[in-house]
Amino acid sequence: MGIPIPNSKLGMWLFLGTEIMFFTAFIGSYIVLRLGSNGWPTRYEDTHINVLLGGINTFVLIVSSYCVVVAHEAMAQKNFSKARGYLWVTTLLAFLFLGIKGVEYKGKIDYDILPGRIPETSSQAMQKVSDQLEELVRERFHAYTHSGVITAERPGDLLGIAPLVQALQSAERPSSMTDAEFKGYQESAAADYELFQKWMNLEQHVVADVSLAQPALPADYLVKREALGAGERLPALKLEEVRTYLTELKTTGPLSGLISARVFDPHPMVYGNIFASCYFIMTGFHAIHVIVGMILFGMVLKQGSSLNERWTDWVENSGLYWHFVDLVWIFLFPLLYII
Amino acid sequence: MSHDEHQTHHVNYLAVFFVLCGCTGLSVLFDVMSMSKGVTIVLVLAVACAKAMSVMMYFMHLKFEGNWKFVLLAPTTILAIGLPIALFPDIGRSYYINVAPQVTTWAPEVAEYEREHAAAAEHSEESH
Amino acid sequence: MATITPALETHGHGHDHAHGHHEQTFIQKYVFSTDHKVIGIQFLITTLLMLMVGGALALAVRWQLAFPWENMPIVGKLFGVFQGEGGQISPEFYTMLFTMHASVMIFLVIIPVLAGAFGNFLIPLQIGADDMAFPVLNMLSYWFMWPAIFCFGYSFIAGGATAGPANGWTSYPVLSDIASASPSSGEAQTWWLFGLTLVGVSSMMGSVNYMTTIINMRAPGMTLFRMPLTIWSMFITAILQAFALPVLTAAGFMLVFDRLHTLIPTSIHSVFFVPAGLVVNNAAPTVGGGQPLLWQHLFWFYSHPAVYIMLLPAMGMVSDMLACMCRKPVFGYKPMVYSMAAIAGLGFIVWGHHMFTSGMNPALGMTFMTSTMMIALPSAIKVFNWIGTIWDGDIQFNAVFLNCAAFVALFIVGGLSGIFMAAVPVDIYFHDTYFIVAHFHYVLFGATLFGVFAGVQFWFPKMWGREMHDGVQKVHFVLTFIGMNGTFFPMHLLGIAGMPRRYADPYLHGYLEHLLPMNQFMTISAIIMGFAQFLLLGNFFYSIFYGKKVGRNPWNANGLEWSAPSPPGHGNFDVPPVCYRGPYEYSGPESEALGQDFILQTTAPPAGVKVAAAHH
Amino acid sequence: MKKFWALFFWFWPLVALYLCVIAPGRNWWFPSKPLSTLGHQIDGLFYLILIIVTVTFVGTEFALGYALWKGATKNPSSRAWFSHGSHKLEIVWTIVPAFVLVFISLTQLDVLADIRVLSRFPDSVKEAPVAEVMARQFEWRIRYPKPGTDLMTSPQPGDLYYVNEVHVPAAVPTMINLRTQDVQHAFFVPRLRVKQDAVPGLVIPVWFEIEEAGDYELLCAELCGWGHYKMKARIVAESPEGVSAYLTRLEREQNEDGVQEAETASVE
Ligand code: HEA
Ligand code: HEA
Ligand code: CUA
Ligand SMILES: [Cu+2]
C-alpha cells in the first residue's frame with residue numbers, strides 16, 4: 001500500500017524536506033545575526049557584492065530550470081534526443097553559473113574578503129599592512145638564499161639576513177656569476193634592503209602603537225615613554241598615517257609595482273568577518289548543491305544516444321532537485337545581494 | 001497506484017519562465033530605485049516568494065500532486081519560518097546589555113574612518 | 001477499511017520482485033550487504049560493542065568521582081601509557097571522559113541501535129516488504145557510521161595523546177570554538193565535529209529511507225492503523241530526524257568553519273559564535289560578530305527532538321512486546337499513536353528548556369516552560385496505556401516482559417524528574433547539577449536501554465533462528481536493574497544537595513565533602529551493572545551459535561514478521577503477506593475460534609467470523 | 001516466582017521513597033534552608049512539585065505493581081482481558097494531568113518573572129548594581145565602583161578590584177552585573193538558589209536578597225574548561241555598614257600598597 005507516486009520521487013521529496021531545513025538553519029542564522037549586529041557592511045567597496053552578476057546568475061538558473069522541465073516533458077513524450085539537448089543546455093548553464101560565481105569569488109579573494117582575513121579594526125588593518133609587507137620582504141630575501149648568493153644560517157630570520165643583503169652591495173663577485181648577473185643582484189639588493197628598512201620602521205611603530213611622526217628607533221621612544229608623566233602617552237599610530245606611508249611606498253622606488261600588487265590598502269571593515277562567513281557558507285553550500293546537480297545530469301548525459309525511458313524517473317527527480325537549488329538561490333539573491 | 005503515464009497536464013512553461021525573468025528584473029529594479037530600506041526589503045522578499053511559488057507550483061508540479069504535498073510541506077514551512085522567529089528574541093536583539101558591538105568598543109578609529117569616507121560611500125551607492 | 005479483503009495482487013510501486021539469485025560473495029552477503037536484515041544486525045553488533053566502550057568511559061568517570069585523583073586500577077596502566085601520569089585522571093582527561101562517554105552513548109549506541117538496528121531489521125518485516133525502498137542508501141547509512149567512529153576515535157589521540165575533545169557533548173561555544181580556551185582539545189574537537197556531522201549524514205540517509213519505505217511499501221491490507229506501534233514509532237522518529245538533524249548539521253558546519261584553522265592553519269576562520277572583546281588565556285581580545293547563544297539554540301533545536309529520537313522507538317517496541325507478553329491487545333492503540341505524534345510535534349517547540357539559565361530572553365523562557373509541561377501529557381497517556389495493557393493480562397514472566405515493565409517503571413521516574421526541571425524557577429537551582437544527570441540516565445538508560453534489552457531478546461529468534469537463554473537474561477535484568485537504581489537514584493539527592501555536574505573533584509567545596517561515601521556506593525553499583533553487561537554479551541554471542549532452535553513464531557505473536565521464516569531469507573517472505581487485521585488481536589474471538597490466544601495478521605479470517613475492528 | 005517479580009516491582013519504589021524520606025536527616029538534601037527571599041519561593045515551588053510528583057509516582061508505580069500482581073495470581077486457565085481500551089478512561093487521564101500540568105506552569109510564572117524580568121526587579125536595585133562579577137578561566141574577578149559613585153559598564157579609574165570574594169549587603173535587595181571575560185561560566189550560589197550563566201558579550205544583572213549575614217559558597221556551573229570544578233569563591237553578606245567599611249579598607253589597600261596597585265592596573 002502507499003501513495004501513488006514512485007519510491008524514488010517520494011524519497012526525493014522527503015530529501016528536499018531535509019534540505020529545506022538545512023538551508024533554513026543557515027539563512028535563519030544569517031538573518032538574526034545580521035539583525036542583531038550593530039552594523040553590517042553593505043557598501044560595494046566593502047563587500048564587493050555585485051548585484052548585476054547576482055542578477056545574471058539568477059537568470060541563468062531560471063533558464064536552466066526551464067530547460068529541465070522541458071527535458072522532463074520530452075522524456076515523458078519519449079523524445080529522448082530533445083531531452084538530451086535540453087539537459088546539455090542545463091549542464092552548460094550550471095557551468096556558467098559556477099563560472100560567474102567563480103568570478104565573484106575571485107573578486108573577493110583578490111581583496112582578501114575572506115572570513116578571518118578581513119581586518120575589522122584599524123589596528124588589525126595596520127598589522128595586516130605590516131604583515132603583507134613582511135611577507136614580501138621575506139620572499140625577496142628568499143631569492144638570495146635560494147640562489148646561494150647569500151649563505152645564511154637561518155634563512156627564515158629577516159633580521160639576520162638583512163645585513164648580508166646590504167653587504168651584497170660591496171661584496172666580491174662570486175666566481176659562479178657573470179659580472180652582469182652580479183650587478184643585477186647588487187641593484188635589487190639595494191632596493192630590497194630599502195624596502196626591508198621601510199617595513200621594519202612600520203612594524204616597530206605598529207607593535208609599539210606609536211605615531212609614525214616619532215623617530216623610528218625603538219630606543220628613542222622607549223626613552224620618551226619613560227619620561228612621560230602619569231596618564232600621558234605618546235600619540236598613537238593612525239590608520240591615515242599608515243595609508244599615506246603605504247601610498248608613498250607604492251608610488252616611489254623600484255619595487256613600487258610589486259608592492260601595489262601585493263599589499264592592500266588598509267581597509268578595516270566592522271563585522272567584515274561575520275559578513276564574509278555568512279556569505280561564503282551560504283553561497284558555498286549552494287554551489288556544492290549545484291555541483292551535485294551537475295553530476296546527476298552528467299549521469300544521464302553519459303548514456304548518450306542510448307538514453308531511454310528507464311531514465312524518465314531519474315530526470316524527473318534530478319529535475320526536482322535542480323528546481324530546489326534554483327529556489328534556494330531565489331532567496332539567497334535578495335537576501336545577500338539586495339538587502 | 002501505478003505511475004506509468006506521466007502527468008498529462010499541459011503547462012505553458014515558457015510563460016512561467018517569462019514571469020520568473022520579469023520578477024528577477026523587478027527585484028533588481030527595486031534595488032536600484034531609491035526607496036526606504038524597509039520597503040525595499042519587503043518588496044524584494046515578496047517577489048522572491050512569488051518566484052518560489054511559481055517554481056514550486058509549475059516546475060515542480062506541486063499544483064498537480066495529491067494531498068501528500070500538504071502533509072510534507074506544511075510542517076516544513078512552519079518550522080522554516082518558526083526557527084528564525086524563535087531565534088529573534090535572543091540573537092536578533094538581546095534582552096540584556098550587549099557589550100560586544102565593536103563599533104564603539106573596539107575601533108573608535110574605524111568610526112572615524114567611516115565618517116571620513118561617508119561622502120565617498122554615498123557617492124558610490126548611487127552609482128551602483 | 002476494517003473488513004477489507006485485499007486482492008492477492010503483488011504489491012509495491014515501481015519496485016520489481018526480480019531478485020535475480022546470482023551467487024553472492026561473502027563480502028556482498030555479510031559485509032557490504034544491501035539486505036536490511038544484515039544491515040540491522042551489523043548495526044546491532046556495532047552498537048553493543050560501542051556500549052562497552054561508552055560504559056568503560058563511564059566507569060572511569062565514576063572512578064574519579066568515588067576515588068578522586070587516585071590511580072585507576074588495571075586500566076590505569078593503559079591510560080598511563082597515553083597520559084604518562086601513572087593512571088591518574090587529570091582534570092582535562094576527566095572532561096574528555098564524560099564528553100566522549102556521552103558522545104559514544106548517544107551517537108554511537110542509542111540512536112543507531114534504535115533506528116539503525118531495530119529500524120532496519122523490523123520495518124520491512126513488520127510491514128510485509130521484501131526490503132527497504134533504497135537498499136544501497138541503507139548500506140551506505142551503515143558504512144557512514146565507520147568514518148564517524150573513526151573521527152570520534154581519532155579525536156582521542158589527535159590532541160597529542162593528552163586529552164581529546166573536552167567540551168561536553170553539548171560542545172558549547174565559546175569554549176569549543178576558540179582553540180586557546182580549551183587547549184587540550186585543539187585539533188581533537190574539530191575531529192569530533194566531523195564525527196558528529198558524519199553520524200548525522202548516516203541517520204539522515206536512514207530516515208529518508210524509513211519514511212519512504214513505510215509510506216509506500218506496506219503489504220496489501222496493511223493500512224496505517226494496522227501498523228504495529230513499532231512502525232509508527234520508527235516513522236515518527238524518522239520524521240523527527242529529517243526535520244531536526246539538518247539544523248544540527250548546519251550548525252556543525254558553522255562550528256567547523258570557526259575551528260578549521262586548528263587543522264589547516266591558513267584556512268578560513270569564521271566567527272559565527274564568537275563575539276568581540278573576549279580575552280581568552282591572555283591573548284589579544286577577539287574581534288567578531290557572532291553570538292554564542294546561537295549555537296545553543298541550533299544545537300537544542302536538534303538535540304531536544306533527539307532525546308525523543310532516543311526514546312520513541314523503544315516506546316513502540318515495548319508496546320508491541322507488552323501486548324504479546326500479556327496476551328492482550330495494546331490498550332488504546334490510537335491514543336498511543338496520537339500521543340507519539342504529539343510528542344514529536346511538541347518536541348520541536350520545547351528546546352529552550354535546556355537554556356533556562358543561559359541568558360535567554362525571559363519571555364522565551366515562559367513559552368518554553370509551558371510547552372515543556374505540555375509534553376508530559378502525551379507521555380502520561382502512554383504510561384497509563386501501558387499499565388492498561390498489562391492490566392488483567394495473562395502475563396508471561398520472562399525477561400522480555402520484565403525488561404519492558406522496568407522500562408515503564410523507570411521512564412516514570414525519569415519523566416517525573418523532568419517536571420521539576422521544566423519549571424524554570426526550580427530548574428534555576430537544578431540546572432547543571434546531578435539532578436539533570438539523574439533525569440537523563442533514567443530516561444536514556446532506565447527507559448531506552450531496558451527497552452533495547454527486551455527487544456534484543458524478543459527479536460533474537462527472528463535474527464538467528466535460535467533463542468537467547470531466558471534464565472541468564474533474568475539474572476542480567478536483576479543485576480542491571482539494581483545496579484542502575486543504585487547508581488542513578490542517589491544522583492537525585494546529589495542534585496538536590498547542589499552538586500554540580502561535570503566536576504572532576506566536587507569535594508573541593510566544603511558543602512559537598514560529605515557526599516563522597518554516597519558517590520562510592522554509586523560507583524560500586526555502576527561496576528556491578530557494568531559487569532552484568534557481560535552476561536548480555538555472552539548470552540547474545542553464545543546463543544547465536546548454541547541457542548535453542550526455534551520456529552517461525554516462538555512467542556505466538558501476531559506481527560507480520562512472525563509469518564516469515566526464522567531467519568528470513570533474502571526477500572523476507574516465502575508467501576507474499578497480506579494483512580487482514582491489526583497486530584494486537586491477542587485472546588480475541590477470532591483467535592479463540594482457532595483454539596489459540598493469538599492470530600497472525602496474515603491469517604485469513606475464517607468464514608463466518610466477523611473481523612474485529614482494531615479501532616473504535 | 002511470578003509473585004516475586006510483582007513484589008520486586010513493588011519493593012523498589014518503597015526503597016526509593018524511604019531513601020527520600022531519610023535523606024534530609026542524613027544531610028542528603030538541600031545544603032541549607034534557602035537563605036534568600038527568592039530562594040524561599042523556589043523551594044516552595046519545589047515542594048509543591050515534589051508533592052504532586054510523589055503522588056503520581058506512588059500511584060503509577062503501585063498500579064504497575066498491582067497489574068503485575070494480578071497477572072501473577074491469575075487463574076492459569078482463564079484468558080487475558082480482551083480490551084482495546086476505553087474512551088472514557090483516555091479522556092480522564094488526559095484531562096486530569098492536563099489540569100495538573102497547567103496548574104504547575106501557572107504557579108511558576110510569577111516567580112520566574114520576579115527572578116528574570118528586568119522591569120520587575122525591585123526599584124531599589126534596578127539602577128544600582130553593587131558590583132560587577134567578571135568570570136574568567138578559572139576565577140571570579142569583582143569590580144566595585146569607587147565608593148560614592150555608581151558602577152559603570154566599563155572600568156573607571158578608582159574602581160576597586162578583588163578576586164574570588166564578593167561582599168554584599170545582607171537583608172536588602174542586591175544586584176550584581178554578571179559578565180565573562182572569555183567563555184561561558186555560571187554564577188551559582190547553592191544556598192541562595194541563584195544561578196545565572198555569564199554569556200560572552202552580555203552584561204546580565206542578577207538580583208537576590210540575602211536574609212542572613214554570613215559566608216556563601218559561589219561556584220561555577222557551566223563547563224568552562226579543565227578547571228571548571230575549581231572556580232571556587234565566596235559571597236560575604238554583611239550589614240551595609242560592614243560592606244562600606246570593607247570597601248573603604250579595600251580602597252585604602254589599593255591606593256597605598258604599590259604592589260596592589262600594579263596588580264589592579266593589569267586588570268584594567
Ligand atoms: C530519552 C531521553 C529524554 C526524555 C524522554 C526526556 C524527557 C523529558 N525531559 Fe529531559 N533531558 C534529556 C533526555 C530526555 N528527557 C537529556 C539527555 C538531558 C540533558 C542534556 C544535557 O544537558 O546534557 C535532558 C534535560 C532536560 C532538561 C534541562 C535541564 C537543565 O539542563 O537544566 C529539562 C527541562 O525542562 C528536561 C525536561 C524533560 C521533560 C519535561 C520530559 C518529558 O518528556 C517527560 C514526560 C514524562 C512524564 C512526566 C512521566 C509520565 C507521566 C505520568 C506518570 C503522568 C502524569 C505526570 C504528572 C501530572 C506530573 N530534560
Ligand atoms: C544513552 C546514554 C547514556 C548511558 C547508557 C549512560 C550510562 C552511564 N553513565 Fe552517563 N552520561 C550520558 C549518557 C549516558 N550515560 C550523557 C549524555 C552524559 C552527559 C555528558 C556531559 O555532561 O556532556 C552522561 C554523563 C554521565 C556522568 C556525569 C559526569 C559529569 O557530569 O561529571 C556520569 C557520572 O556518574 C555518568 C555515569 C554513567 C554510568 C555509570 C553509566 C552506566 O549505565 C554504564 C553501564 C554500562 C557499562 C558499564 C557497559 C558495560 C561495559 C563493560 C562491561 C566494560 C567494562 C570495562 C571495564 C571495567 C574496563 N554519565
Ligand atoms: Cu567557570 Cu565553569
Ligand atoms: Cu530537552
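Numbered from 1 within each chain, the chains take letters A, B, ... in sequence-line order. Remember, predicted model here, so these are calculated numbers, not experimental data.
Scanning all heavy atoms of the two residues, the minimum distance from A/Asn273 to C/His269 falls at ND2-O, 3.2 Å. Across all their heavy atoms, C/Phe257 and A/Ile281 have their closest contact at CD1-CD1, 3.4 Å. Looking at every heavy atom in both residues, A/Ser29 comes nearest to C/Met254 through OG-CE, 3.3 Å. Between C/Leu294 and A/Val32, the shortest heavy-atom distance links the atoms CD1-CG2, 4.4 Å. Nearest approach of C/Val271 to A/Ile274, heavy atoms of both residues: O-CD1, 3.6 Å.
Inspection of non-hydrogen atoms places C/Ala242, C/Phe243, C/Pro246, C/Val247 of residues 237-248 of chain C under 4.5 Å from chain A. Taking 4.5 Å as the heavy-atom cut-off, the residues of residues 199-208 of chain C that approach chain A are C/Met204, C/Val208, ordered by number.
Around atom CZ of A/Arg138, more than 12 heavy atoms belonging to other residues, nucleotides or ligands sit under 6.0 Å away. More than 12 heavy-atom neighbours from other residues, nucleotides or ligands sit within 6.0 angstrom of OH on A/Tyr105.
Per-residue counts of heavy-atom pairs under 4.5 Å with chain C were compared for A/Ala276, A/Gly116, A/Gly272; the largest is that of A/Gly116. Contacts with chain C were tallied for A/Ser277, A/Gly17, A/Ala25, A/Gly36; A/Ser277 has the most, counting heavy-atom pairs under 4.5 Å.
A donor-acceptor contact shorter than 3.5 Å is absent between the side chain of A/Asn7 and the backbone of C/Thr212.
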Go through A/Cys278 and C/Phe272 one step at a time and tell me if the side chain to side chain contact (heavy atoms under 4.5 Å, CB included) criterion holds.
-> CA-CA 8 Å; A/Cys278 290; C/Phe272 285 107; 3.9 Å; yes

Hey, mind stepping through A/Phe280 and C/Ile268 against side chain to side chain contact (heavy atoms under 4.5 Å, CB included) and telling me if it holds?
-> CA-CA 10 Å; A/Phe280 278 104; C/Ile268 54 173; over 6 Å; no

Kindly indicate, with the supporting measurements, whether the criterion side chain to side chain contact (heavy atoms under 4.5 Å, CB included) is fulfilled by A/Met21 and C/Phe301.
-> CA-CA 11 Å; A/Met21 290 312 291; C/Phe301 183 84; 3.9 Å; yes

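Of the inter-residue distances, the one linking A/Lys9 atom NZ with C/Asn216 atom CG reads 11.5 Å to the nearest 0.5 angstrom.
Of the two parts of C/Leu298, only the side chain, counted from C-beta on, holds a non-hydrogen atom closer than 4.5 Å to a non-hydrogen atom of chain A. For a residue to count as touching a neighbouring chain, one of its non-hydrogen atoms must lie under 4.5 Å from one of that chain's; by this rule C/Ile215 touches chain A with backbone and side chain alike.
Residue pairs meeting the side chain to side chain donor-acceptor pair (under 3.5 Å) criterion with at least one partner in residues 287-298 of chain C, sequence neighbours excluded, are B/Asp90-C/His297, C/His297-C/Trp351.
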List the atom pairs, with distances to 0.1 Å, where a side-chain N or O of residues 286-298 of chain A and a protein N or O form a donor-acceptor pair under 3.5 Å, not counting sequence neighbours.
residue  : atom : partner  : partner atom : Å
A/His286 : NE2  : A/Val325 : O            : 2.9
A/His289 : ND1  : A/Phe285 : O            : 2.7
A/His289 : NE2  : A/Glu19  : OE1          : 3.3
A/His289 : NE2  : A/Glu19  : OE2          : 2.5

